[in-house]
Amino acid sequence: KLQERALWTDLMKLTQLTSLDVPHYLPFPDEFVQWMKTSQISVMPTYIATRSLEPLLAQALPAMERLRSMAFHRNFDESGDAEPLDWMAPILQQCTQLTQLEMDITPTEIPLFISALKGLRNLVELTFITHMEDNLPTDFFTLHFPNLTRLELPMMITDSNMSALADFL
């Protein structure tokens, strides 16, 4: 624990740090998440999206002026069940500075995250990852991303949604 504490303390001294990739089993201490608010970090590590950090992330992520890229993937508990990420949607909604976003969410969470995307008009890249085939909700096609250059949607698009997809594009 003392070595972990020293690692995080030393990382916070790196005033030009823009990206961080540490082992996923290394827990992020509260002090580091608070420090991120004023950091130069532009790429957010995938595994930071843990429910225990929700209140701190709700403060830190929207405040990170340099944050441009974020990916979050589902975590699995000891029994192998996916932990819900629904709590991340209201936080994401406030991260209007993002240009790249990758989300690994369950089909039941998709409508919630589509709603959260409405204000993210700076997105250049958007990737949905889902491990189950499901239809893309019609609400997605009402979103507007004027700078989008890369879109990855591994979901089914029904014949009835084809004209909505054409209008979206």
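For reference, positions follow the sequence shown, starting with 1. What you see below is based on every heavy atom in this structure, not just the backbone, and it leaves out hydrogens, waters and symmetry mates.
By the neighbour-count criterion of 12 heavy atoms within 6.0 Å, atom CZ of Arg66 is sparsely surrounded, having that number or fewer from other residues, nucleotides or ligands. Counted within 6.0 Å of CZ on Arg121, heavy atoms from surrounding residues, nucleotides or ligands total more than 12; the atom is thus considered enclosed.
Hydrophobic clustering of Ile, Leu, Val, Met, Phe, Trp and Tyr side chains at less than 4.5 Å, counting indirect connections, keeps Trp87 apart from Leu112. Taken together through direct or relayed side-chain contacts under 4.5 Å among Ile, Leu, Val, Met, Phe, Trp and Tyr, Val43 and Leu14 form parts of separate hydrophobic clusters. Both Leu20 and Leu98 are members of a single hydrophobic cluster when ILVMFWY side chains are connected at heavy-atom separations under 4.5 Å. Cluster annotation: Leu67 is connected to Leu53 through the hydrophobic network of ILVMFWY side chains, with a link wherever side-chain heavy atoms come within less than 4.5 Å.
Remark: side-chain polar atoms of Trp35 are paired, donor with acceptor, to backbone N or O of Met12 under 3.5 angstrom.
Between Phe145 and Phe168, the ring planes are perpendicular. Angles over 60° get that label, and only those under 30° would be called parallel.
Between Asp139 and Lys118 there is no salt bridge, since no side-chain N of the basic residue sits under 4.0 Å from a carboxylate O of the acidic one. A salt bridge is absent between Glu125 and Arg68: the closest approach of a Lys/Arg side-chain nitrogen to an acidic carboxylate oxygen does not fall below 4.0 angstrom.
Across Ile129, Thr127, Leu117, a single residue satisfies side-chain contact (heavy atoms from CB on, under 4.5 Å) together with Met103, and that is Leu117.
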From CA spacing to verdict: side chain to side chain contact (heavy atoms under 4.5 Å, CB included), Trp8, Leu26: CA-CA 10 Å; Trp8 292 108; Leu26 197 60; 4.0 Å; yes
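A side-chain donor from one of Gln100 and Ser69 sits under 3.5 Å from a side-chain acceptor of the other.
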